[in-house]
**Q** 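This is the structure I want to talk about, given as structure tokens.
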Amino acid sequence: MATHWNSGMLLGCSTLFLLLLGGARACGWVTVDSPTTLLGSTVTASCTIQSNRCSGLEGEEIQITWRLDSMSMSGSQHKSAEGTEVSNLTISHFNRTRAKLWCYVVWNGTPQRIGMAEIHAGYPPAKPDNLTCMMNLTENSLTCRWDPGLDGHLPAKVALRSSKSRGQCEVSQEAIPDCIPQAGQNYCTIPRRFLQLYQKMDIWVSVQNALGTAESEHLCIDPTDVAKLDPPVLKSIQSVPFQTDCISVAWEGAPTSSHIEQQCELRYRTHEDPGWTLVPDIVSPNLKTHHCGFLFGTDYRFQMRCRRVTAMGYWSDWSPEWNFITHEKAPAGKLDVWWKMTPVDSGKRAEVHLLWKALKRNEMNGRILGYWVSLNPRRRNVELTAVCNTTETQCNFSVLAGVRRVYLAAYNSAGESAATEVIFLEKKGQPLAGIHTSPCDEHSLWVHWEAPRATATGYILEWRQASLPGPAGRSVSWQVEWNRSATKALIRENIEPFQLYNISVYPLYADAVGLPLHTTAYSKEKAPSCAPKFHLKSISKSHAELSWDPVPIEMQNGFITNYTIFWTSTTRDELRAVVNSSFTTFTLRGLLPSTMYKVHMMASTAAGSTNSTALTLVTPALDEKEIQYLLLFFGLLCVLLIVLIVCFQKNRRVKNQFWPSVPDPANSSLGKWVPADLQQETLQTASAREPGLVTISDITVLEKGAEKKAPLWGKKDPVPAAAGSFPDLPKSYIHPSSSSLPSGSRAPGEARPGSYVNGAGAVQYAKIVADGYRGQQQHVPSPLYIRSDSTQPLLSESTPSPKLYENLWFHGAPQTGLHCQSSQGDAAFLEEPLIDFPLLQGLKINGAEDLHDFQRF
């Protein structure tokens, strides 16, 4: 496969080499019906191949293709009678100004170039217009200019042609060599040697390309008629002695044009004039002219230019400026005056602020040096006493309260104007019926008003910028309108866009000044420079109150129409509210607790809006009152707990009110006290004692009858007892309860048991009977007879049965039995529980003989 490909490439290269050796023309060629054609027309081309002259193509099928620049095209192919292969190509709409058309032969699958034809397309040359020529006297050459017209997209030959002629160029006498302009230039200069001065020349422009020729209109001129003169030179400017508003101007022509009769123009203006005033058609053989109408004492600038008298010539350049100041005379006219009067010194004097407008320029008659204000007009041979002499257009002075007029005059170096009488009229006339404004442009405002019912002689318009601080804010601009039928006026002085102006209009009457009517206006508005900044006044879980400061006047840039407040959260869509521009607070309602909101404001005027910075706020979970109530509740709860703790721990009285202190015999001092005489005795207990607690199961307390007072305990000396024995008691006060007796039964002669009772006096313990703990049998009975003179009061009310307890004082005592006997035939018994109560062991009954009449409870 590789060998076959290499052999094919070698054959192709050898064939191409043979084609090149034979020559392209010998093998094939391309012909076009017209190599230069009209743009957009049809182009026809043919490609002819002679196969017998193309080595390697003999006997091969020939395929011909076309390319227009890089675009492939196909034509119709056939074999001619001579045996050549011919391909014809037709391009119906040729829209390229320049292109190359190639013919290819496809050999071995690869197109091979055989021939090429270059095609140009365009338009015939356009007719040149506006042919003008001007002669330069300094260079003595004639330069002609023209407009070339539309581009033909084809190479063209341009020539400025001319010839010397007679009359009106009907007959050409001598041809002048063509003037060929440089490429891209639309003018050409004919030198002096080819010019024919003071005779006519026929001049025209010729343009020629492959598609045709065009000529301009012929220009028949005398070169001197189209000469441009050099500018003249002003020599002097003087005022006419007797006509002070006229001047005399003298000049001289340029040396190159001094022999030519000239027509000149003079122009002048002041420094304030935006344009020039022209004095035309000045033809003067003596080169002087007079002109009137100039202002007195005014600085003027003068310039002059000239041309040949014939109207076809060109004007020279303007001469250098010449400055001239006309001489002055005394000012003329009256001053427009406005005033403000303020009473002082308890109404005895008045401060007057007098304002006036400068004289018009045609009334100044020179440079105004100053103004004077006097209480009296100037009189001959009387020295003027001025209350004010200033170069400004306002003055402050003080007069007596009765002064009602002053006199004002302006003066310059030539004299002073007639005095203007100023009458201080009272401002009590009728005001205007209405007033409104409308902008004219950025620097002017129309003020419209409705005339009052009374006939006004004029109007005073007064305005000031509202945002200017300090003394600048108190300066006022004003103007007077003397047309009594006027209902509007245009104010221009000190009017700037985006600034607020306070405007007042005063009607003027013959004997008074009307009360003013006020309004505000902008000459032009735009969006505010800034929007108000939010301040959070209060916030709760459901609403937030916002406040803001109004936009400063100098930053409003127009009338604030409204404020739009936007607020949004992460869980809700954006909400908005539109409020009036007079509001400075707003409350957001329907907010969610514990939610973050972003709030911003948009301030709007008729010309636009401006957004403020965003305020982020978070609503609390509870309202302030709820928090206060909650804190108050917890505070009271804490105070209550503290009070209870203090009372229960520190104040025993309060504690005893709720939990009365019940004496505990086991822990009392008496529970551990043993009488001295008892300590000398040896207590015996049963040898066989069951471990456990011993309780007192039954206590009977007898109270002495009211008819007999019980003896006080401790007042009577105790009866000495014999060692190892107890005294006999006359009567048993407390009997032991036997386990053999049934519940509710009584031994014969025993009193009925009762409850604890507090008596008013001392109570003697007569007899205490101990029984076994919860019915346990006592192996060794241990009766014990004791008495005591204790005066300790009993409990004040009934209580349940005493608690079980054990006196640990006897735990280390020897367990010996104690025997006691009762008098009057009572049986002796052993009371073992008395061992646990040393106090009970020490009780002794004094005066037992007096206890026989105690009642049992």
Side-chain angles (χ1 to χ4, degrees), residues 29-46 67-71 73 89-102 115-136 139 141-165 169-196 200-221 223 226 228 314:
W29 60 90
V30 177
T31 58
V32 180
D33 57 350
S34 177
T36 302
T37 184
L38 188 64
L39 190 65
S41 61
T42 301
V43 175
T44 302
S46 63
R67 281 189 182 179
L68 184 63
D69 289 336
S70 60
M71 184 177 64
M73 307 185 76
L89 176 66
T90 300
I91 304 174
S92 60
H93 186 76
F94 192 82
N95 54 5
R96 304 187 184 192
T97 59
R98 182 178 181 180
K100 290 182 179 180
L101 184 62
W102 297 89
M116 183 270 293
E118 187 171 2
I119 304 174
H120 296 271
Y123 300 104
K127 180 180 179 180
D129 293 328
N130 299 327
L131 176 62
T132 59
C133 297
M134 182 180 66
M135 183 176 180
N136 190 329
E139 299 177 359
S141 60
L142 183 67
T143 301
C144 296
R145 299 177 180 274
W146 61 91
D147 293 334
L150 297 177
D151 185 11
H153 304 293
L154 295 174
K157 296 180 180 179
V158 181
L160 178 64
R161 297 182 176 181
S162 60
S163 64
K164 298 179 180 179
S165 303
C169 302
E170 292 90 356
V171 179
S172 296
Q173 291 182 337
E174 180 182 354
I176 298 175
D178 293 343
C179 180
I180 307 300
Q182 295 182 7
Q185 293 183 350
N186 299 323
Y187 62 90
C188 194
T189 300
I190 302 174
R192 171 68 179 85
R193 64 180 180 273
F194 299 122
L195 296 180
Q196 180 179 342
K200 299 293 184 179
M201 293 181 62
D202 188 10
I203 303 174
W204 71 96
V205 178
S206 175
V207 182
Q208 181 180 5
N209 63 15
L211 298 180
T213 302
E215 291 184 354
S216 67
E217 297 291 338
H218 287 236
L219 184 63
C220 185
I221 58 171
V226 295
K228 181 179 180 180
Y314 291 93

**Q** Could you go through Lys164 and Ile176, starting from their C-alpha distance and side-chain angles, then the distance that decides it, and tell me whether this counts as side chain to side chain contact (heavy atoms under 4.5 Å, CB included)?
**A** CA-CA 7 Å; Lys164 298 179 180 179; Ile176 298 175; 4.0 Å; yes
**Q** Does the disulfide (SG to SG under 2.5 Å) test come out yes or no for Cys144 and Cys179, once each step is laid out?
**A** CA-CA 10 Å; Cys144 296; Cys179 180; over 6 Å; no
**Q** For the residue pair Met73 and Ile91, establish whether any side-chain heavy-atom pair is separated by less than 4.5 Å.
**A**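 Side-chain contact under 4.5 Å: yes.
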**Q** Going through the distances and angles, do Val158 and Trp146 end up as a side chain to side chain contact (heavy atoms under 4.5 Å, CB included)?
**A** CA-CA 11 Å; Val158 181; Trp146 61 91; 4.0 Å; yes
**Q** Using side chain to side chain contact (heavy atoms under 4.5 Å, CB included), reason through Tyr314 and Val226 one step at a time and then give a plain yes or no.
**A** CA-CA 6 Å; Tyr314 291 93; Val226 295; 4.0 Å; yes
**Q** Is there a donor-acceptor contact under 3.5 Å from the side chain of Asn209 to the main chain of His153?
**A** no
**Q** More than 12 foreign heavy atoms under 6.0 Å from OH of Tyr187: is that the case here?
**A**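 Open: at most 12 neighbouring heavy atoms sit under 6.0 Å from OH of Tyr187.
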**Q** Under the rule for salt bridge (charged side-chain N to carboxylate O under 4.0 Å, His left out), what residues qualify as partners of Arg192, not counting sequence neighbours?
**A** none
**Q** Treating His93 as the side-chain partner and Gly40 as the backbone partner, does any N or O pair qualify as donor plus acceptor under 3.5 Å?
**A**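 Confirmed, His93 side chain pairs with Gly40 backbone.
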**Q** Could you tell me if the side chain of Leu68 sits less than 4.5 Å from the side chain of Phe94, heavy atoms only?
**A**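 Yes. Closest side-chain heavy atoms under 4.5 Å.
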**Q** What do you reckon, is CD of Glu217 surrounded by more than 12 foreign heavy atoms closer than 6.0 Å?
**A** no
**Q** Verify, without hydrogens or angle tests, whether Asp69 (side chain) and Lys100 (backbone) share a donor-acceptor contact under 3.5 angstrom.
**A** yes
**Q** Are the side chain of Ser41 and the backbone of Leu38 linked by a donor-acceptor contact shorter than 3.5 Å?
**A**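 Yes: the side chain of Ser41 pairs with the backbone of Leu38.
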**Q** Would you please test Val32 and Thr37 for side chain to side chain contact (heavy atoms under 4.5 Å, CB included) and show each step?
**A** CA-CA 10 Å; Val32 180; Thr37 184; over 6 Å; no
